[in-house]
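First up is the structure itself, then whatever we jot down about it.
Chain A is the first sequence line, chain B the second, and so forth, proteins listed ahead of strands; every chain is numbered from 1.
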Protein chains: 2
Amino acid sequence: MENFITQCKKYNLRITPQRTAVYKALMEDKTHPTADAVYQNVKKDCPNISLDTVNRTLISFSEFGIIDTVMCSGQGKKYDPNSKPHHHLKCVKCGKISDFYHQKYDSLKVPSEVEEEFTVLNKKVVLTVVCKKCNKKG
Amino acid sequence: MENFITQCKKYNLRITPQRTAVYKALMEDKTHPTADAVYQNVKKDCPNISLDTVNRTLISFSEFGIIDTVMCSGQGKKYDPNSKPHHHLKCVKCGKISDFYHQKYDSLKVPSEVEEEFTVLNKKVVLTVVCKKCNKKG
DNA sequence: TGACAAATAGGAGTTAATCCTATATAGTAT
DNA sequence: ATACTATATAGGATTAACTCCTATTTGTCA
Ligand SMILES: [Mn+2]
Ligand SMILES: [Mn+2]
Ligand SMILES: [Zn+2]
Ligand SMILES: [Zn+2]
């Protein structure tokens, strides 16, 4: 919790009851929750919180790297027709996903425990980033 | 294109003009398109195709590993409050994302070209898979 | 304690994605 | 070739995720 206060001060985020409740709910969450799932949890502590506030809070936390995004902001699912071995940069602000090529990453071995249990269709390294353009903006 | 026919036969997908057109459009696409973007491209060849068909086709292609998904099926963006170094298994059928821990992956170095241009908030290896449950179903 | 920018609730609006159903068609057997 | 049947399709309806809007409240700092 001290960590929360430190982070908020660092990024000039006001310490509101809503933000605190969202942070707490996240710290207890071992899943990969959707905004709505977080909303449902937070409501226990903070019954009047709005879904919009939860969404805004999650977005700002992710933009500062306090939490990671699994699927990023933006409109619609995205598909990847590029079948060459490659890796991804995913901008947490604008949602853009760019390819990069890096041989050292191509040769990663899938752990055998995983291969025994799952059919692996694709593997890549995904870096969550803030891109140059978005860095300039704010 | 022979590849397309091979894949379709392998998975018992009928070779329809719509499916062919979607495949062609994907092979020419160097971006990470949304279903709607694919739809707009395919319409040039195939003006009467419906968005629903494009969506279904993309989902089936991704389920067979013909293309990869960047953001997966399912409802809503997902956030990740787990701040320990870990990696992801993303089931392309049910959309579930599970954590796995694998030390060899934790120590990946970010290429310096990337670090110079981007602020890196997080890095992980993401494996697109079909999970055990979904494998059984079909 | 007062001033002000930041944050919030709640509802409206906007898209993406899925579902539904009647029609069409690809593949296969005759 | 022809007929048959499961598969696939178009197009519209519905659902649900997300964002935007505006009046009101609240945290922070002087
Ligand atoms: Mn890619
Ligand atoms: Mn995770
Ligand atoms: Zn960006
Ligand atoms: Zn699954």
Examine [N]: is either OP1 or OP2 under 4.0 Å from a nitrogen or oxygen in the side chain of [X]? Give yes or no.
| X | N | value |
| --- | --- | --- |
| B:Ser50 | D:dT9 | no |
| B:Arg56 | D:dT9 | yes |
| A:Thr16 | C:dT8 | yes |

Which is true for [X] with a 4.0 Å heavy-atom rule: it touches a base, it touches only sugar-phosphate, or it touches nothing?
| X | value |
| --- | --- |
| A:Leu58 | nothing |
| A:Ile15 | sugar-phosphate |
| B:Pro47 | nothing |

- Find which nucleotide of DNA chain D each of B:Arg19 and A:Thr34 is nearest to by heavy atoms, and output the residue with the more 5' nucleotide. B:Arg19

- Judged by nearest nucleotide, the residue sitting upstream toward the 5' end of DNA chain D, B:Asp52 or B:Lys77, is B:Asp52

- Message: Between A:Ile15 and A:Tyr23, is there a side-chain heavy-atom distance shorter than 4.5 Å?
- Response: no

From [atom1] of [X] over to [atom2] of [N], roughly how many Å is that when rounded to an integer?
| X | N | atom1 | atom2 | result |
| --- | --- | --- | --- | --- |
| B:Asp36 | C:dA16 | CG | P | 6 Å |
| A:Met71 | D:dA16 | CE | C1' | 14 Å |
| A:Gln18 | D:dT26 | CD | C1' | 9 Å |

- Item | Partner set under salt bridge (charged side-chain N to carboxylate O under 4.0 Å, His left out) for B:Asp52, not counting sequence neighbours | B:Arg56

- In terms of side-chain heavy atoms, does A:His86 have a donor or acceptor partner in A:His102 at a distance below 3.5 Å? no

- The answer to which of A:Val54 and B:Arg14 contacts DNA chain C further toward the 5' end, by nearest nucleotide, is A:Val54

- Verdict with reasoning, B:Asp68 to A:Lys124, per salt bridge (Lys or Arg N to Asp or Glu O under 4.0 Å): CA-CA 10 Å; B:Asp68 193 20; A:Lys124 28 173 73 70; 3.3 Å; yes

